[in-house]
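Letters A, B, ... mirror the listed sequences (proteins, then strands); counts begin at 1. All values reported here derive from a predicted model rather than from experimental measurement. We use all heavy atoms of the structure for the numbers below, so side chains are in, but hydrogens, waters and symmetry mates are not.
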Amino acid sequence: MSKGIDVAGLEHSFRARGGAVPALDRIDLAIEPGELVTLAGPSGCGKTTFLRMIAGFVAPSSGTITVGGTTVRGPGVDRGVVFQQPTLYPWLDVRRNVALGPKLRGVGKAERRATADRYLSLVGLSDAADRRPYELSGGMQQRAQIARVLAGDPEVVLMDEPYGALDALTRERLQNELLTLWRETGKTILFITHSVDEAVFLGSRVLVMSPRPGRIVLDEKVPFSSRSLAPDEIRALPEFAETAARVRAAIAP
Amino acid sequence: MKTSRTLSRRIGGLAAVAAVVLPLSACSLGEDTEAAASDCPWTADESVTGTVRIGYQKIPNGDVVVKDQKILENCLPKATIEWNNFASGGDVVQAFGAGSIDIGLAGSSPSTKALSAPLDLPVKVIWIHDVIGEAESLVVRDGVATDITGLKGKTIATPFGSTAHYSLLQAITDAGEDPADYKLINSEPEQIAPAWANGDIDAAWIWDPTLSELEKQGGTVILSSKDTAEAGKPTYDLGLASDTFIEENPKVLEAWAKAQDYAVDQILGDPDKAAESVAVEVGVSTDEAKAQFAGLTYLRASEQATDAWLGEKLGADLLATAQFLLAQDGITAVAPAATYSDGVDADVAASAG
Amino acid sequence: MSSSHLEAVRGPRRWLGLLASLVVLLAVWSVVAAADLVEPHYLTPSPLEVWDAFVRANSHHAVGGGVDRVVRGEENYYLWEHLVVSLRRIGLGLGLGVVVGVPLGLLMGTVRWVGDLAGPYVDFLRSLPPLAYIGFLVAWFGIYDASKVWLLFLAAFPPITLATINGVRGVRQDQLNAARSLGASGLQLQTQVIIPATLPDILSGLRVAVGFAWTTVVAAELVNGLPGIGGLAYLSGTQNKIALSVACILVIGLTAIALDAVIRTIEKLVVPWRGKA
Ligand SMILES: Nc1ncnc2c1ncn2[C@@H]1O[C@H](COP(=O)(O)OP(=O)(O)OP(=O)(O)O)[C@@H](O)[C@H]1O
Ligand SMILES: [Mg+2]
């Protein structure tokens, strides 16, 4: 099951030393269940702030957010968060990190171990299950983090530039893994990225946020993530380049 | 595959280590030294049970003889005798204040403190372990002075609040001088010898082993507590017991006094044997122990129970000590004379006489 | 792999260096002792005299000084037994310090107003030298082990509490957020995230506390401290048996170093991620 996200009249400003800093400005948005929405925008425009509000870590100055019809008042198991910086727990090995969600919900030892192993193999980390997070590379940590979120089986997955720090090759592999996952699980995904190519390639819908205070300046359905072509062929399509040009123009007018 | 071990397993491992170590440290330590055990010199009292908590000091008198020869243990075989060592009479008085001991040894100055405000402890003097003579003396650096008047303006070290401090001030006053004209400094006994070697002090009123050490380093004794005693201001090492203990344990105290009397008898009649116990307990040679016997006066039970000592005189001496302590800020008020005469209980000594 | 390889090379050389410095130290000490720079002589025992005192204190030995009695160690306890008694007191004080200090630190770190309320008192206690209040403790808890353990506890728990608070306040906000998003309740947040994340700080606090406990145990054993290594060091000082005093001090120092090494090993085992994550 997946849930949709409804954002109505969302505004937010941070209280800072020089007074109020407006970060988000009147955002109204409806994300359908099962959509893979990518969100791009210049640095500091408010993407992370937006995501943290949906996650329930920060309360908005005004406006409401509902997920699956329920108003967001704090963090919840229905929304899994993949952080920009991996937040794996160094006192647990990778398997136990991934099994944490089921453990917190009281799932038995054998069952949660099996769940963890299933998602570890899904992200290609079976060999690293017994290692500690700090013994993994950055990309492996990101994959472990994704496995942990998936093992928690949330209806909505919120991902904040998860591939930002990765090299191009790893990045492309993980993008393909994400698409496979999305198609298999049908989860609602909000994916923040700096990269126009990534936004267009992954998203079933692309959003662009304007510089501070952030508002949605482009909202477009995109077909490529549903196409069964090889990634190279998709990127070679002329429509791909056209969409990318529109998104780029929206980010830096 | 170290890394596969989890936190909880590691903590479990620690707990296992602790489980091995703790019982080891919980086992009882120490062991009774054999050889010294002689049977009770009179008929042991098997009716006494319970624990007797004694505070003692390493002073060459009957108390350590009783301890070393296990006289109390042998004569009260069903009771548990606990010997706690203290470095000073002040510590013993503190232990009485905390209710941690039943019987203890302290000099006449700390004993007076115990009976006076602000402490007002419910204790009584029940025994005179010794009258201090040349055991506490004024040693002077060679050539500095030949009498106490000559020491004016000089630095004299002594542990403040001690019997030696009392004797020193009495000696100064008896010589018609003002203590304010002397530089008196407070020092722990073990720090006096280094200070002397360093040239920091000119004289000290102190006891062994520091006293002998200073003489070895060329010091001369010009006065002693024997002199101040003869001038009417004696100092003592006294046995104290708490009021409730005196009330509830007459049998223990009778055995205790008999044991002390037996030890005094031995010091006077068989000093070689007593010196061996003193050597073991105080950490000196037998020759040194015998030399130290000469610096103290020991009284048999029958003698100390009379009016010349516990019966009457000691109460007056404690009152005089209290007046001295008041002048030294050692106590906040001198109690009425009755407090000090009532603070002495001659019955215990009499019961052993 | 590479660091252990390095250690393997450096190890023997380091030990050789240590050994050489030890030899030099003992030589200088012997010369100073023989030269009698400090008067009186008994204040500067030679290494051999100290070794003798150490051996005597750990064996049945003749009293000497004209007495042909054989006694056990010092004050009827072997030196190692004095040490074990002191260690037991330290262990109890530290144990209580952990049992009280860690939960208190967790509470003060998580619940702001408790931290604000109790913080100044813990700070105040930490800044007090233990000698300043041993008298009170004796008056309240007697002259036996209770007052000593109390003193050690009071010395040990503030650094543990303060380190724990520090640890709690230093937990990354997103590590907490991540657990909440995975469904952690308040209690689970404590047991699954805050406590393990704070463990490195707790162990640092424990190390500080152990050091503090050693300096405190000698103070604690000034009054009725026998058996006890601090009490023995003090008593031998008052009896001018400085060689024994020095032996006690050396044993205290070496044991303290060994204890610290034990805690560092525990750190390596329990918080291997320290400095890595
Ligand atoms: N806690 C805060 N207090 C004050 N201002 C904040 C806070 N968090 C964010 N901001 C400000 O809000 C604005 C939006 O920040 P946000 O982190 O959402 O940007 P972003 O779009 O995620 O940027 P990037 O792409 O660089 O991650 C920024 O100008 C930032 O300085
Ligand atoms: Mg961001």
Where Gln192(C) and Trp91(A) come nearest, the two heavy atoms and their spacing: O-NE1, 3.2 Å
Whatever's closer than 4.5 Å to a heavy atom in chain C on Leu88(A) counts as backbone
Answer whether the closest heavy-atom distance between the side chains of Pro272(C) and Arg132(A) falls below 4.5 Å. yes
Between Tyr89(A) (side chain only) and Pro196(C) (backbone N and O only), is there a donor and an acceptor less than 3.5 Å apart? no
Note, Trp273(C) side chain near Pro133(A) side chain (heavy atom, < 4.5 Å): no
Report the option among Leu104(A), Val77(A), Leu100(A), Val149(A) that has the most heavy-atom pairs separated by less than 4.5 Å from atoms of chain C. Leu104(A)
Roughly how far, to the nearest 0.5 Å, is CG of Leu182(C) from CG of Asp153(A)? 11.5 Å
Heavy-atom side-chain proximity of Pro90(A) to Gln175(C) below 4.5 angstrom: yes
Identify the residues of residues 38-59 of chain A whose heavy atoms come closer than 4.5 Å to a heavy atom of chain C, ordered by number, or report 'none'. Arg52(A), Phe57(A)
Give me the atom names and distance for the closest heavy-atom approach of Pro86(A) to Arg172(C). O-NH2, 3.5 Å
Among Lys103(A), Arg105(A), Gln85(A), residue most engaged with chain C (heavy-atom pairs, under 4.5 Å): Lys103(A)
Is it the case that over 12 heavy atoms from other parts of the model lie below 6.0 angstrom from the CH2 atom of Trp150(C)? no
